[in-house]
Protein chains: 4
Amino acid sequence: MSHSQLIAKKHDQDMTLVSLSSEVIFGGEEVVIIGGPCSVESQEQMDTVAEKLSAAPVQALRGGVYKPRTLPYSFQGLGQAGLEILARVRREHQIPVVTEVMAIAQIEELAAVADLLQVGSRNMQNFDLLKALGQAGKPILLKRGLAATIEEFLGAAEYIVSHGNPQVVLCERGIRSFDNFTRNVLDLGAVVALKQLTHLPVIVDPSHAVGKRELVAPLAKAAIACGADGLIIECHPEPEQSISDARQALSLEDMVALVHSLQPVAAAIGRSVRTTPERQLLAA
Amino acid sequence: MSHSQLIAKKHDQDMTLVSLSSEVIFGGEEVVIIGGPCSVESQEQMDTVAEKLSAAPVQALRGGVYKPRTLPYSFQGLGQAGLEILARVRREHQIPVVTEVMAIAQIEELAAVADLLQVGSRNMQNFDLLKALGQAGKPILLKRGLAATIEEFLGAAEYIVSHGNPQVVLCERGIRSFDNFTRNVLDLGAVVALKQLTHLPVIVDPSHAVGKRELVAPLAKAAIACGADGLIIECHPEPEQSISDARQALSLEDMVALVHSLQPVAAAIGRSVRTTPERQLLAA
Amino acid sequence: MSHSQLIAKKHDQDMTLVSLSSEVIFGGEEVVIIGGPCSVESQEQMDTVAEKLSAAPVQALRGGVYKPRTLPYSFQGLGQAGLEILARVRREHQIPVVTEVMAIAQIEELAAVADLLQVGSRNMQNFDLLKALGQAGKPILLKRGLAATIEEFLGAAEYIVSHGNPQVVLCERGIRSFDNFTRNVLDLGAVVALKQLTHLPVIVDPSHAVGKRELVAPLAKAAIACGADGLIIECHPEPEQSISDARQALSLEDMVALVHSLQPVAAAIGRSVRTTPERQLLAA
Amino acid sequence: MSHSQLIAKKHDQDMTLVSLSSEVIFGGEEVVIIGGPCSVESQEQMDTVAEKLSAAPVQALRGGVYKPRTLPYSFQGLGQAGLEILARVRREHQIPVVTEVMAIAQIEELAAVADLLQVGSRNMQNFDLLKALGQAGKPILLKRGLAATIEEFLGAAEYIVSHGNPQVVLCERGIRSFDNFTRNVLDLGAVVALKQLTHLPVIVDPSHAVGKRELVAPLAKAAIACGADGLIIECHPEPEQSISDARQALSLEDMVALVHSLQPVAAAIGRSVRTTPERQLLAA
């Protein structure tokens with residue numbers, strides 16, 4: 001990477017901090033945990049998720065309202081109705097929300113609700129979308145493409161930053177490989193490399209990486225141990241009933257237990273995972 | 001693939017014919033050859049290309065005016081100025097032109113000039129772009145993503161067709177693999193599979209697949225031998241001076257020689273490659 | 001590749017000719033076709049294969065007697081009993097035979113029967129086996145490893161040649177990739193590259209590459225069109241009853257038809273495929 | 001995996017313990033650390049390594065005497081002279097040693113010295129070697145092939161176990177992928193899967209996985225966090241002078257520091273890494 005690039009880490013440079021709120025900041029000492037379902041399915045679903053995960057706690061909720069699917073006939077997300085659900089859960093539970101943006105035309109409505117706009121793997125090199133997100137005025141979660149090199153991943157982030165938005169979080173979510181026992185291969189070597197090459201925060205999505213819920217927790221620990229600044233993990237009130245990605249979603253109970261098991265791992269490398277409910281923190 | 005899909009080939013079904021003009025038709029007996037530079041660089045460049053390739057001949061000219069590049073600081077194409085060049089070369093040389101569309105906002109202006117709108121590998125699953133191209137009123141050249149499965153490739157085509165545009169040509173252009181001796185790995189097994197799975201025409205881009213000009217000609221022959229309905233090949237008046245993809249462009253002389261060498265291969269499997277200049281055909 | 005390597009092609013160097021008999025020579029104008037089952041199963045099976053394929057004809061018969069299998073509990077080949085069958089079919093039908101060698105301890109007995117000793121993909125970098133085959137006194141068919149780079153493939157051949165055996169035929173048989181619609185991805189770009197990098201003959205195994213019989217014939221044509229010096233194709237009297245690799249074996253009738261369809265493709269690039277039964281040639 | 005397989009983990013089954021000595025046991029609560037150079041280069045080199053690493057400590061020393069190399073002209077290891085060095089360092093420093101076996105003919109001499117015989121990636125499916133190692137009377141370290149599926153990896157281990165040797169340690173060492181920024185991609189998802197599928201211990205080689213020394217330490221922590229039973233790490237008195245794999249070797253000082261930093265990570269998941277010199281333990 002050329003030294004003239006905006007996202008390249010110079011000697012002893014401070015990490016970029018990406019803030020969703022005064023309490024939810026990527027790139028600091030605290031490892032940020034995002035949880036929630038693949039898709040927003042109903043108000044009841046999201047309320048249950050928000051309530052139960054307050055015991056973890058998680059620092060932000062995920063939930064797709066526009067869903068990229070291999071076939072046009074598959075569930076494409078609830079769209080605006082889902083966005084309204086997301087807005088209400090955000091307001092009532094006082095928790096930042098993350099959702100995917102698939103098109104320039106969606107930016108305005110999504111940015112009005114979401115605290116972090118996710119660019120999915122399929123759109124990592126949708127350069128016009130990236131340029132437009134440079135003007136979105138919201139932090140961006142950029143997921144690595146399924147077969148993107150580290151250089152291409154950094155190049156995609158550079159598009160957003162060079163177009164005006166320095167608030168970018170990178171997300172490793174597994175790359176495509178030859179063995180379909182796991183859905184993808186989680187590339188933690190890339191996470192370590194990225195932490196050395198750029199000052200942007202780097203988080204990990206172990207759920208999409210392995211695609212099987214029983215493999216998620218150990219990989220979440222591994223991600224923290226190697227220096228990831230956060231995790232985004234799929235969970236659902238009734239995982240087997242999930243409309244999409246049912247095979248990889250944790251139950252909410254397992255998600256809470258996972259978060260608590262992450263704290264000692266973070267502590268082992270001099271970082272922390274929050275395990276006290278945020279509402280108490282807010283009250284303090 | 002489900003039999004309810006629009007692009008799935010049913011028993012003994014006729015192939016879809018995709019026409020750029022009354023003489024340039026993908027999916028018929030004739031193998032269609034597209035040639036030209038990676039990027040439109042100047043009017044002089046494109047005039048030279050059009051003139052010299054009339055001796056091949058080629059049935060359409062390629063040339064990018066909007067270029068997807070890994071970094072925002074690389075040459076991004078001439079944009080509208082390039083499009084005007086493309087319009088003039090199309091008019092003066094009476095030859096269909098192919099160019100890449102990267103964003104919904106570009107569709108209208110590009111569709112006003114181009115005879116075939118190319119969706120690049122990086123945008124194969126840019127579903128909002130695909131949906132919009134379902135309404136573009138122009139044939140679409142859909143390139144396979146760098147790590148797209150055959151199922152995903154067909155799913156992407158289904159987005160375009162199900163949104164109103166049955167004129168889709170698929171293009172295999174190499175997939176990402178572990179050996180960087182060649183730029184990518186040309187997956188002719190996918191071409192053979194696609195010809196059996198869908199009634200859409202399938203063409204091959206050997207230039208991007210191997211990335212080295214000295215390897216292009218034998219792969220072009222292989223593509224025809226296994227049943228490809230066309231080829232799209234990069235060539236340039238001065239390959240080493242090409243602004244982008246210099247390493248893989250053929251000289252115009254080599255391109256003309258290649259086209260002539262393809263005819264016996266096509267004949268060997270009961271098809272044809274045009275080797276008589278089109279102007280004579282038009283005069284007939 | 002360094003110019004000091006034995007197998008590197010120097011300017012205008014002649015190709016190495018690898019001869020199984022006075023009539024079966026790899027690396028010349030004629031494209032050599034090898035056919036036969038994955039495994040030798042019975043004398044009757046091999047006699048049927050030899051008889052029926054004399055109408056193709058094929059220039060050599062393949063048939064494994066030692067079989068590398070993922071699990072130790074799978075059929076491991078008939079071993080010495082299979083080798084006796086192979087010896088008899090070779091003698092009675094006057095046709096060269098090819099079989100796989102998996103261990104140094106098998107070289108002597110196999111070399112006493114086989115005209116071409118195959119090193120399978122799993123053993124491409126079994127360097128002690130390669131060194132021993134340098135002293136085997138028989139031509140070697142070296143298959144590319146599942147994830148071997150071109151450089152590693154050439155390095156493996158160099159082991160055999162530098163240990164005394166210049167009679168090596170390289171075989172591209174598909175590399176491992178992310179899409180399991182085809183068993184592997186046939187890398188014809190590697191074939192073209194190898195033909196430029198080395199003076200050793202290069203053949204193609206389309207059967208293992210795609211793993212589905214309905215995809216084999218078009219890829220066989222593609223292999224010849226791009227310059228392969230031969231083909232090795234699996235076929236079986238009753239493909240569905242094949243003990244191993246049943247899904248990819250052609251029927252003997254389809255194999256005969258395939259060979260005849262290859263001749264015009266070979267002719268299109270100035271080469272030939274034999275379509276007159278060899279017995280007549282021997283009688284001449 | 002079939003339940004009839006010897007290495008498949010049945011419900012609540014105890015892990016297999018693989019012992020190199022009464023103090024060095026894979027599969028228990030303690031995470032076992034192996035360190036040392038790629039190749040045994042001299043007695044002085046190995047003495048320095050053994051002395052300095054006693055401060056880590058490591059539980060075993062690695063050092064290749066037979067080296068699998070892409071080209072026959074590269075350094076192939078010191079062979080018997082190297083084995084004598086290994087024997088002396090083992091005796092004088094009272095530490096178990098690990099070295100690679102490439103051929104059946106080497107088993108006897110290597111087994112007379114080494115406490116753990118390593119099968120390298122290239123030989124993972126060298127089935128005759130695996131069968132012979134079933135009779136070797138020594139624990140085996142089986143490294144995953146560069147493109148081996150989890151099923152194939154387990155199948156290879158089954159060959160050893162079913163031929164009489166239940167003392168097998170599996171080692172994930174990175175798989176081949178499209179990005180050459182790291183040498184390979186460390187597949188920790190496979191480690192997690194293997195721990196659930198088999199009762200054999202599973203260790204990780206982060207050095208060969210990433211191929212760059214500055215990336216090794218964080219991945220070593222990640223491996224422990226996700227449940228690996230041990231690590232094998234390359235280090236050298238003068239890394240830049242290493243005859244092979246110079247780019248990935250840690251200095252001995254960095255190796256000692258790494259081991260100490262691993263202990264809190266192991267503790268975080270209820271395991272341990274030894275940080276008190278073994279000589280003191282022996283004296284106790």
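In what follows, every chain begins at residue 1, and chains take the letters A, B, ... in the order their sequences are listed. Computed from heavy atoms alone, side chains included, the values below leave out hydrogens, waters and symmetry copies.
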Identify which part of [X] has an atom lying under 4.5 Å from any heavy atom of chain C, answering side chain, backbone, both or neither.
X	value
Ile175(B)	side chain
Ala148(B)	backbone
Glu214(B)	both

Checklist line | Top contributor to chain C interface from Ala193(B), Ala223(B), Ala220(B) [non-hydrogen pairs under 4.5 Å] | finding: Ala193(B)
Contact part of [X] toward chain B, heavy-atom cut-off under 4.5 Å: side chain, backbone, both or neither?
X	result
Leu215(C)	both
Ala209(C)	neither
Val265(C)	both
Ala228(C)	neither

Next item on the list: Could you pull out the closest heavy-atom pair between Phe178(C) and Arg176(B), with the gap in Å?
Entry: CE2-O, 4.2 Å
Next item on the list: List the atom of Ala268(B), the atom of Ala268(C), and the distance in Å for their closest heavy-atom pair.
Entry: CB-CB, 4.3 Å
Note to self: Which one wins on heavy-atom pair count under 4.5 Å against chain B: Pro264(C), Ala222(C), Ala266(C), Gly227(C)?
What the structure shows: Ala222(C)
Measuring from atom [atom1] of [X] to atom [atom2] of [Y], what distance do you get when rounded to the nearest 0.5 angstrom?
X	Y	atom1	atom2	result
Cys226(B)	Leu186(C)	SG	CG	9.5 Å
Ile269(C)	Ser261(B)	CD1	OG	10.0 Å
Lys221(B)	Leu188(C)	NZ	CG	14.0 Å

Margin query: Within the structure provided, determine whether Val192(B) and Val210(C) are in side-chain contact (heavy-atom separation under 4.5 Å).
Written below: no
Check: Under 4.5 Å between any side-chain heavy atoms of Thr149(B) and Phe181(C), yes or no?
Finding: no
